[in-house]
Structures are given as C-alpha cells and as structure tokens.
Engineer: 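First the structure, which I've put down as structure tokens, then a few questions once you've had a look.
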Amino acid sequence: MSEMSKTYSPKDVEQKWYNCWLEKKSFKPVDGKKEETFSLLMPPPNVTGKLHMGHALDQTCQDVLVRFKRMKGYKTLWIPGKDHAGISTQAVVEKKLYQEEGKTKHDLGREEFEKRIWQWKEQYGDEIFNQLKLMGVSCDWDYDTFTMDEIPNQAVRKVFTELYNEGLIYQSDYIVNWDPILQSAISDAEVEHKEVKGAFYHILYQVQGSDTQLEIATTRPETLLGDSAVAVNPNDERFKHLIGKYAIVPICNREVPIIGDEHVDIEKGTGCLKVTPGHDFNDFEIGQRHQLEIINILNKDGTLNDQGLEFKGMSVKEARKAIVSKLEELSVIVKIEEHIHQVGHGQRSDEIIEPIVSKQWFVNTEAMASEAVKSVENEKMKFFPKTWENTYFSWLRNPKPWCVSRQLWWGHQIPVYYCQENNCSHVWASEAEPQSCPKCQAQNFHQDPDVLDTWFSSGLFPLSTLGWPNEEAMREKGFKEFYPTSTLVTGFDIIFFWVARMMMMCQKFSGQSPFTHTYIHGIVRDKNGRKMSKSLGNGIDPIDIINEYGTDAMRFTLTSGSGYNRGLNLDPERIEGYRNFINKIWNAFRFIAPFLEKASNELPEMRVLGTHDKWILSELNTVSAEVNKSIEEYRFDDASSAIYQFVYDKFCSWYIELSKNILHSDNEHSQNIRSSVLKYCFKKIVALLHPFIPFITEEIWSYLKDEYEPLLISSSYPEHQEEFNFPDEQTQMNKFIETITNIRNLRASVNIKPKEEISAYFFTDDKFFAEFLYENRSFMNDLARVNSGKVFNKKSTRPSKSLMAATSFCEIYVPLEGVIDLEEQVSRITKEIEKTQKEFNKFDKKLQNPKFIENAKPEAVEEAKQKAGAFKEKLESLKISLENFQ
RNA sequence: GGUCGGUUAGCUCAGUUGGGAGAGCACCUGCCUUACAAGCAGGGGGUCACAAGUUCAAGCCUUGUACCGACCACCA
C-alpha cells in the first residue's frame, strides 16, 4: 500500500472491478434479507445509436437504484435490452449500402436487404453494451433481449392476433402522415411541428351559373387539384345562400359542391375553405361528413400523379410554384400574404409530412387507454415527480387510432395473411406461421408486406423480456417473481411513445400495470441550457468524460444534478469539481490506511467511545437516514449532496483532523479505538456512496473489508440506527466547531501567521462546554494554534484591548496588546454589534407582538424566545468588549 | 390557441404542512500545516421577477402582470 498515488486514477481500477463483478455474478438476482423483489427494465437503446449524455444520466439513475436495492437486500433484477428501431436502423443501413456499393435496397431485394441489416446489427449492436459497461451498469446480461428475438416475436404475433380477432386492430383507408423520404406512414407521435415561412394565397373560385367569385385563402394552392368541395359556415350571413350551389376549381375546372360545415371559422381567412379530403386532416373529416370524393394527387415519393395534369412528376414544392404562376396567368390570384405557420416534419427524416389517404393498420386504443388512465388515477402506478401524470393523461384521455403499419422492411412483419384462391380470398391473422388457409386449406397465400411500428414490440417489452408468452421461458426467467417490474426510469420525451404504450398493452395482456413507479428524469443540456446537438457542436460524449475524469466523477455529477428538475445543465467545470471529490475520498483513505492494522473489525464498545466518536457516529447516522430517504424518493440530488457535505464538512474537516493528534500519540489504547472508529465510519461512507460511485468504493472496500466479508456490491446498505443517536455530543461538538471557527476568523482578521501560536481566554457560563473546552485543550492547538487557554465564568473581568469574538454561549479573547490596531478592532466589533442587534430585533419584535404570542404555534414562540435570548447574550458580550476599548 | 413548468448569490440550481434566505462552482484574502494545491483556512455577495391580497408571520398560499421554456393542438 505504500505506493498509493496522491491522485486517484480511475483507469487502473474500473475495468478490474467490472470484470470482477461479472466473474462473481454480482449482477444476478439473489435472495436477500427482504422478501420482496426489485426489478427494473432498461429502456432499450437503439441498435443504431451511439450513447449520449442522456443515456448516461438514464443509466446512472437506474444503476443507483439497482445497486441501492440490491444492498438493501431485495432480490434485484435489472433487465437490459436492445431495440431494433425500425425506421432509423433501416435508414442507416440504406445509406451505408448506397455510399459503399451504390445500391438501393430494391437492388438487393427484401430478403437480402434484411440479411444486411442483421449483419449490421450483429456488428454494431454490442458496441452500445460495451459503452454501458464502461458506465458501470449492473444489469444481468443473461437477460439481454433484442426486440426481434424469438420470444418478443411470439409476443408481438400473439398480441396482434388477439387484438385482431377482438376487432381492435383493423385495416382502413384513412388519412395518415406520409413521409415521402421513408415512403411510409408514420404515427402522429412521430410528427414534429416546426415553424416554416409560407404564404397565404388568396384565390378566386367562380360560382357556377353566377357572376359571384369566392375568395379562398390557402397555404397550399397545389392541393386545389384535389379539391372536392368548397365549404362555408352555415351561419355565415355572407355565404350561406350559396350552400347547395357549385363552384369551379381553377385549372382543373372541376365542379365541386358548396357545402355548409361548422368547422369553418367565420373569422379566419376569408371564411371560405377549399376542401381537399385526400390531403388534409380536417378536410378528410369534412369529407367523411359530406360523403365527398377523395382525390389523391400524390405518388408515394411525394411527386404529383396523374391527377396533377400538366404538373405531373413535379415535387410538391415545384408544383406549388408552377400552379401559382398559372393562377396568376388566369388572373384569379387576389393577393399573396406572407405567413408563418407550423408544418409537420418527420421525426427521423426531417422532411415535410404529406397527409395522404391510404390503407393502413390501426389499433383502436380507446379501452386500453382508459384502463391505463385508471391505473394512474388509482395510484397503481405513480409518477415521480407527480406532475408528469398530466402529460400522460393528456395523451391517453384523448386516444386516437394508432397507425401501426409501416411500409418498411426492417421490423416485425404484420402477421396477417391473404388467401389468393380466387373463390376464397380469406384474410386472417395468425400467431404461428400458417401452413395453409384455415378456410379453404389452400397453400396459395401471402403475408402482408408491411411491418409494425417499433413501439408495438417495445410496448410489450416488460412482458417479453421475462419470457412471455412462452411458458417455459417464463418459468426460466422468473416471470412470476419479477413481473410487474418495480420502477421505470426514463425521460419525459418518451412518455407518449413508450410509457403510455407499455401501460396500455401490458395491462391488457397481463391484467397488471407493468411497473409501479415511473421516475422521469430531466434532459441533459449544455451549460447554457441549450440542447446538445451536432449542429451546435456543443455535444459532450460520455465516453470522453469517462476517459478524462473517470466514470465515478461523471456519475456523481449526473446524480447530484438529478432530482425533480426538468433539465440538467452540464458544465464540464462541475465534473471537475466532483472529480476532485472522488480524489478527496481517495486521500481520506490514504490517511487512514496506515492505521488499519491497529483497527479492530468491530466498532469498540460504547463505553470506551469519546465525544468525537459519538459525534461522528451520530452525524453518520443522520446522513444515512437522509440518503436512504432521498433515494427512495428518487431525489438523487439530495442524496448526493448529503453525503458530499458529510464527507467534506464533518468527516474530513473535523473528525480526521481531530484524529491526527491521537493517532500520532503514544497511547496505544486511544489509537486502537480511534482507528477502529475511523475504519468503521469509512466502511459506512463507501457503502453509502457505492450506488453512486461504484468503482472507487469497491476499490477502497477491498482494503477495508475483512476476509469473510463479500464484495461491497453485495454488502448491506447503511441505515439509521436509533442507538447511534447522540444529541448531546452533537451539541457540544457544534459549539466547539463554532468556537474554533471564531478563533480562526480572529487570526485571519489580523493576519496572524498560520504557524504562530497564540493564547486565548474563554468566558462562558455553560458548565458542560467549559468542561469540554478543558478536555479538548490539546486539540485547540491542532486546530487553531492556541497553545494556552484559560476558561472563566462571565462574572470575571475581561482583558482590555484584546481581539474578541462572541458566540451566544461563549466569549473568546485573544490578548495581543500592542500588536493590534485598536481602531480597526473597534470598528469590527461595532459592525458585529449592529448585525447582531438587527437579528435580535427581528425576534424581539415578534415577541413584543401580542398577536404572535396569541396565534402562533407554541413551538414557534418557544423557538423565538430562545433565539432572542441567544442573540441578546451575544450582544451583551460584544458590548462589554467594546467598553474595554474605551 | 391549450396545458404544464420556470423566474432565489456572478453561473447552475435546492428550498418538503408558512416561522431566523441555502449548496456547488466562480470570485477575494492568507497558507506547499507530512491524507489530499484535484488541497487547507477565512471572506464578500441576494428588494427571493413585479404588483396586490390572505395571515401575527409569505421565497412558500390566492389573484393579476411581465418575461423565459417545454409539450400538445393548429398547414383557411
């Protein structure tokens, strides 16, 4: 141990312990002293992605919980997984294929292309897990599940088939968000609205058989080729007489009915609306109400089709330009106004989404959503912080059909089959691969080519990772024990996508909420509160941080910033600060290490413990209680800060400092006691810290632990113990600390050299404290260089013209006659008097107020009296001192 | 437009039934005191966004105003 470095170097330690934990199977669930289990499902990272700071936060919070619960004695399971992430994975591989081989997926064909994605997944998918391991995550890797593994496939097929047979999954011609780049439908949740500069085009439509022209304002003039009506509000005095007549759409000269519909806002635009049921969500609904024709003017790639007339083949953007100039030629454009509006973009492709009517598969979520709402209302599942349930409710209380089909190749192919026998044409869903048509037994059938939305399979992940629906797998994986899981940890951005879907689907198929708590953590941003993004160049790669500062420092930074807040602004300076904290712990250990041989394995008997010992044990007890409570409430910030304060401000600054004198003395008995208490406390400290900073704590533990003891990861977590509460010792020590601080303050105020020794006189009527001062006189020298001190009662005469400081219980005089600047001291004490007077007045005023005495709680009155008394005593001490100067 | 959240020290934020305004970082001063200069000791710094109200008492409760943010909805 002699070669222990002054600075802790994480690199030497982290890999070693991670491998050791794996080897000892420390991440596997084992029976502990608690009967309950604690299980947690990791939000499965995408196989495409690289981990970012958000993942680091997410994983760290989970790992803290898991390590904490494991040490508390719960049978603990953390399930890792990966998501096939249909759209983004397919896009990445397509891009690579094109860049490297100049080929498209169609050149390869579906089967070959899917093979390529599997290869890609095998090659890069594990990269993410390697990164997770660097972060120290303690999940049970044997449970690793991929959303397209056999069991999740079974789950998907079973759920789809049952919902289909119940009529909750259906196929329908419906207007969907069409992504022209992906050439697939996407769900509402995958559409992001962005502000775009556009224009209002005011166009004249001729009313048939009349001179009247209707002025219609639109932001999308090109869609007039798909118009099948003009709508006005039936209560609009200006236009209601026209209802029932026909209007002529310019360019295509189509006659369309003028209809009345409440949807039309009299105030908005011109009050006349062109209705394009094929390319607008609202118009689609108007169309349904009035049985209007749906005219599709677009191809799958977003270009105009045959309905586009002479504009056929143009993109929407080109067509808009061309059509506007054509309209201008026809002199039917009244005006063009600039207009900024929100336009839907694909979450993945970032391309403008075209509403298009097409045949898609939908899930009717109404009943499932209402159950999911109930679970949260009945607190079967609770959000932390609670306010996120608003977001959850807003989505689920207003459920819309969920479009689950995607026109992709990568994903779970929809298990619906079409019999191709002419006289049969049976359509059915099947849990297993069918051999023949169940109706006509023909073998001539084909499967629906579309795949399912990624969230369909991840929505079932709490069930499928535990083996469902395969009974053998469920037994093997302990479904009964671990389902429902305990807590879900995730970011608010996927409350709709994932949390809501798991709640709906898992509850439907298991009858239980898939987890009982959901902790929503904040989003990691840069130090200025901006989102981390490539374009801003402000991203921080967790792996870089780990390499520079160590995993523990990164983890502690993240947890110390994570409570019930919405964001976490990550400033590299803070990471450095916590790196320093890690180093502090290391050095505290270096101090203790040489004395470990003298320490016994157990805490010495209570009767031999001194005030310092009882004080630190009592403080340790307090911090243990705080940390336990905070982690249970997901207040990782409070927990981190409680230990941080304890380590710095109690253990290092005072207990270690007070120990030096003893450990370097000749008294072996005292040495043994002190080293034993130090060891005991330090073991508790590293245990308390282990969930947050697992590596350095396991390293230090290896030196502290006795042979028979297990690894720290498998040891028990410190808890509050009533027998270690020593309020009297805490009071005495607090007074002592205040006194020392006052002396140091006096020294600093007149620039006494740190090495120079002084004498001091104490005036106090507190008998216990006087005794304590006497007993601790040698420590006075260690901590404040007071080489001789005398204690008097307050009736005694004070020395004149001395440095002086006062607390509420004690006056401190440092005689330095001839050395000190009298005026300066007078002014310092006068200032102190003013300050103390103000504080006294505050409480005195309260006590003078009869209404306060009358109405306030007795405790509040009592407290005010005490405070006033204390300030008064201090005030009087200061006044005496001031008089001595005059 | 709807919903939710925010406004507290130079910066990032905490503040739990209403009862003396806190932390970390940064800053200033003095120290290489043998665990630690990635350190030690000391210090300065806040009309708690603004206004009214309830109360003996408001950072905290009510109402209003201003600004900031997130999400949802909205392509006339």
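Computed from heavy atoms alone, side chains included, the values below leave out hydrogens, waters and symmetry copies. Throughout, a chain's letter reflects where its sequence line sits, starting with A, and its residues are numbered from 1.
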Engineer: Remember a base hit wins even if backbone is also touched, and classify A/Thr387 as base, sugar-phosphate or nothing at under 4.0 Å, heavy atoms.
Structural biologist: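 A/Thr387: backbone/sugar contact only, no base atoms under 4.0 Å.
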Engineer: Taking atom C1' in both B/C28 and B/G45, compute the distance separating them and give it to the nearest angstrom.
Structural biologist: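 Going atom to atom, C1' in each nucleotide, I get 11 Å.
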Engineer: Quick one: does A/Arg744 reach the base of B/A41 with a side-chain donor-acceptor pair under 3.5 Å?
Structural biologist: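 Counting by modelled atom types and ignoring angles, no donor-acceptor contact under 3.5 Å is found here.
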Engineer: Within the 4.0 Å heavy-atom criterion, would you say A/Glu839 contacts the bases, only the backbone, or no part of the nucleic acid?
Structural biologist: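 Counting heavy atoms under 4.0 Å across all strands, the contact made by A/Glu839 includes a base.
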Engineer: With the sugar-phosphate defined as primed atoms, P, OP1 and OP2, and the base as all remaining atoms, what B/S/- string results for nucleotides 7-12 of chain B, 5' to 3', for protein heavy atoms under 4.0 Å?
Structural biologist: -----S
Engineer: Rounding to a whole Å, what distance do you find between A/Arg397:CZ and B/G2:C1'?
Structural biologist: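 About 15 Å, once rounded to whole Å.
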Engineer: Heavy atoms under 4.0 Å, any strand shown: does A/Ile656 hit a base, just sugar-phosphate, or nothing?
Structural biologist: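 Base contact.
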Engineer: Under 4.0 Å, heavy atoms only, any strand: does A/Glu576 hit a base, just the sugar-phosphate, or nothing?
Structural biologist: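 No contact.
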Engineer: Between B/G1 atom P and A/Asp265 atom CG, what is the distance in whole Å?
Structural biologist: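 The answer, rounded to whole Å, is 14 Å.
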Engineer: What is the distance from CD1 of A/Ile523 to P of B/C4, rounded to the nearest Å?
Structural biologist: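 Taking atom P of B/C4 as the reference, CD1 of A/Ile523 is at 20 Å.
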Engineer: How is A/His193 classified with respect to the nucleic acid when contacts are heavy atoms under 4.0 Å: base, sugar-phosphate, or nothing?
Structural biologist: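 Base contact.
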Engineer: Between B/C36 atom P and A/Ile592 atom CD1, what is the distance in whole Å?
Structural biologist: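 Taking CD1 of A/Ile592 and P of B/C36, I get 14 Å after rounding.
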Engineer: If you take the centroid of each ring, where Trp contributes its six-membered ring, are A/Tyr549 and A/Tyr578 closer together than 6.0 Å?
Structural biologist: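 That pair fails the under 6.0 Å test.
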Engineer: When all nucleic acid strands are considered with a 4.0 Å heavy-atom cut-off, which category describes A/Val264: base, sugar-phosphate, or nothing?
Structural biologist: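 The residue A/Val264 makes base contact.
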Engineer: Heavy-atom count check: over 12 atoms from other residues, nucleotides or ligands less than 6.0 Å from A/Glu756 CD?
Structural biologist: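 Count over threshold, so yes.
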Engineer: Classify A/Lys857 by what it touches in the nucleic acid, base, sugar-phosphate, or nothing, heavy-atom distance under 4.0 Å.
Structural biologist: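 Base, at least one base atom sits under 4.0 Å.
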Engineer: When rounded to the nearest Å, what value does the distance between C1' atoms of B/C56 and B/G22 take?
Structural biologist: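 That atom pair is separated by 26 Å.
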Engineer: Using a 4.0 Å heavy-atom cut-off, does A/Phe581 contact any base of the nucleic acid, only the sugar-phosphate backbone, or nothing at all?
Structural biologist: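 The residue A/Phe581 makes no contact with any strand.
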Engineer: For B/C25, which nucleotide in any strand shown is its Watson-Crick or wobble partner with both distances under 3.5 Å?
Structural biologist: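 In the structure as shown, B/C25 has B/G10 as its Watson-Crick or wobble partner.
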Engineer: Give one of base, sugar-phosphate or nothing for A/Ser560, where a contact means two heavy atoms less than 4.0 Å apart.
Structural biologist: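 No contact.
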Engineer: Name the nucleic acid region contacted by A/Pro355, choosing base, sugar-phosphate or nothing; use a 4.0 angstrom heavy-atom cut-off, strictly under.
Structural biologist: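 Base contact.
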Engineer: Between B/C48 and B/C27, how far is it from one C1' atom to the other, in whole Å?
Structural biologist: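 These two C1' atoms come out 22 Å apart once rounded.
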Engineer: What does A/Ala856 touch in the nucleic acid at a heavy-atom separation under 4.0 angstrom: a base, only the sugar-phosphate, or nothing?
Structural biologist: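 Base contact.
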Engineer: May I have the distance from A/Lys194 (atom NZ) to B/C72 (atom P), rounded to whole angstrom?
Structural biologist: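 Value for this atom pair: 13 Å.
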Engineer: How far, in whole Å, is B/U12 from B/U17 if one measures between their C1' atoms?
Structural biologist: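 Nearest-Å result for B/U17 against B/U12 at atom C1': 29 Å.
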Engineer: Within the 4.0 Å heavy-atom criterion, would you say A/His263 contacts the bases, only the backbone, or no part of the nucleic acid?
Structural biologist: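 Result for A/His263 = base.
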Engineer: Any donor-acceptor pair, under 3.5 Å, between the side chain of A/Lys584 and the base of B/C36, if you only look at N and O atoms?
Structural biologist: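 A donor-acceptor contact between them is present.
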